[in-house]
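In this chain, residues are counted from 1 in sequence order. Source: prediction; values computed, not measured.
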Amino acid sequence: MLFEILTALSQCTSTLLLFLVWESFLIVYANKKEIKLPILHIAGVAIFLFFVTAMLTVAGVPNITTFRIGPEMHTVNLQLFESWSEFQGLYIANIIMFVPLGFLVPLLWPRYGRVWKVLLFCLAFSLIIEIMQLFNHRATDVDDLLMNTIGGVVGYGIYKAVALIGGKAVRVFQTPADKNAPYPFRYEAVILILCVLLLQFFVDPFLPPLIAAPAL
């Protein structure tokens with residue numbers, strides 16, 4: 001899994017372009033609306049986008065050049081813990097993979113400050129990954145969905161511990177929290193996730209790698 005995470009560095013070309021375009025727009029928009037956009041939030045978004053890209057790489061989701069539909073597609077496994085005795089390390093890896101997401105989402109966007117919101121966010125993202133894996137001849141497993149969601153909740157727990165220790169200091173990473181905040185701030189996390197998915201699927205296969213992929 002470490003190699004696949006390092007490989008994600010070479011597949012961040014479209015993600016980098018997304019970050020530059022989105023943050024340029026957000027900075028101009030924030031200035032126009034006289035809204036303070038913390039510099040640490042911008043840095044946090046860069047880290048968030050890298051982790052999202054790395055997660056898609058590790059999961060092996062398809063792009064437009066590898067997308068396949070056919071009788072050889074894997075079936076969906078809906079039996080919990082069917083492979084626990086053989087693949088305990090994979091279960092742990094699936095938990096670890098979603099810990100950064102569960103930590104960064106509430107840290108950067110206060111509207112996800114409750115555990116059930118982070119749980120739903122991670123569940124939805126994991127479900128998208130599992131569905132996409134069906135079209136890349138990868139196993140789609142309910143255990144992965146559960147473990148990923150648990151990892152998100154663990155990440156949220158780490159965030160709450162940091163917030164408890166640091167108090168209001170976590171606000172230096174956050175955009176406006178009120179319900180009347182402009183849509184780009186309220187739904188930034190969802191917008192970025194969707195953009196990464198679309199760019200990774202349609203655009204990134206045709207762009208040069210950001211850096212040379214690490215050798216095996």
Hey, could you give me each pair passing side chain to side chain donor-acceptor pair (under 3.5 Å) that has a residue in residues 31-40? Not counting sequence neighbours.
none
Would you say Ile27 ends up clustered with Val21 if hydrophobic residues are merged whenever their side chains have heavy atoms under 4.5 Å apart, either directly or through other cluster members?
no
Can you confirm whether Thr15 sits close enough to Asp204 that some side-chain heavy atom of one is under 4.5 Å from a side-chain heavy atom of the other?
no
To check you understand the geometry: which heavy-atom pair defines the closest contact between Gly152 and Val118, and what is its length?
O-CG1, 3.8 Å
CG of Asp144 to CD of Glu130, rounded to nearest 0.5 Å, is 4.5 Å
Can you list the steps and then say if Phe121 with Ile193 is a side chain to side chain contact (heavy atoms under 4.5 Å, CB included)?
CA-CA 10 Å; Phe121 188 96; Ile193 288 279; 3.9 Å; yes
Can you confirm whether Leu37 sits close enough to Phe185 that some side-chain heavy atom of one is under 4.5 Å from a side-chain heavy atom of the other?
yes
Can you tell me how far CD of Gln133 sits from CG of Asp141, rounded to the nearest 0.5 angstrom?
9.5 Å
Side chain to side chain, Leu127 and Leu145, heavy atoms closer than 4.5 Å:
yes
Measuring from Leu198:CG to Ile64:CD1, what's the distance to the nearest 0.5 Å?
11.0 Å
Can you tell if the side chain of Leu49 reaches within under 4.5 Å of the side chain of Trp22, non-hydrogen atoms only?
no
Run the side chain to side chain contact (heavy atoms under 4.5 Å, CB included) check on Phe98 and Val154 step by step: do they pass?
CA-CA 8 Å; Phe98 265 68; Val154 171; over 6 Å; no
What distance separates Leu199 CG from Leu16 CG, expressed to the nearest 0.5 Å?
11.5 Å
Who passes side-chain contact (heavy atoms from CB on, under 4.5 Å) against Thr65, sequence neighbours left out?
Asn63, Pro205, Phe206
Acceptor/donor pairs from residues 160-176 side chains to any protein atom, 3.5 angstrom cut, sequence neighbours excluded:
{"from": "Gln174", "atom 1": "NE2", "to": "Pro106", "atom 2": "O", "distance (Å)": "3.3"}
{"from": "Gln174", "atom 1": "NE2", "to": "Leu107", "atom 2": "O", "distance (Å)": "3.4"}

According to side-chain contact (heavy atoms from CB on, under 4.5 Å), who are the partners of Pro62, at least two apart in sequence or on a separate chain?
Thr66, Phe67, Met132, Phe135, Asn136
Sorted by first residue and then second, give each side chain to side chain donor-acceptor pair (under 3.5 Å) pair with at least one member in residues 99-126; sequence neighbours left out.
Trp109-Glu188, Ser126-Asn148
Common cluster, Val45/Tyr183, ILVMFWY with side-chain heavy-atom separation under 4.5 Å:
yes
With Phe51 via side-chain contact (heavy atoms from CB on, under 4.5 Å) - residues at least two apart:
Ile47, Pro100, Leu104
Partners passing side-chain contact (heavy atoms from CB on, under 4.5 Å) against Leu146 (at least two apart in sequence or in another chain):
Leu80, Phe81, Ile150
Residue pair Phe19 / Ile42, side-chain heavy-atom distance below 4.5 Å
yes
Are any of the side-chain heavy atoms of Ile35 and Pro182 separated by less than 4.5 Å?
yes
Tell me, with the steps shown, if Leu123 and Thr149 meet side chain to side chain contact (heavy atoms under 4.5 Å, CB included).
CA-CA 5 Å; Leu123 177 65; Thr149 305; 3.5 Å; yes
Look at the rings of Phe103 and Tyr159 and say which category their plane angle falls in: under 30° parallel, 30 to 60° tilted, over 60° perpendicular.
perpendicular
Between Tyr156 and Gly113 (side chain of the first, backbone of the second, donor and acceptor by atom type, cut-off under 3.5 Å), is there such a pair?
yes
Side-chain heavy atoms of Phe48 within contact of Leu101, under 4.5 Å:
yes
So Leu90 and Asp143, side chain to side chain contact (heavy atoms under 4.5 Å, CB included) or not? Walk me through it.
CA-CA 10 Å; Leu90 186 59; Asp143 290 345; over 6 Å; no
Could you tell me which non-hydrogen atom of Leu56 sits nearest to which non-hydrogen atom of Phe125, and how far apart they are?
CD2-CZ, 4.0 Å
Check for a donor-acceptor pair, side chain of Thr13 on one end and backbone N or O of Leu207 on the other, with a separation under 3.5 Å.
no
CD of Gln200 to CG of Leu18: how many Å apart, nearest 0.5 Å?
10.0 Å
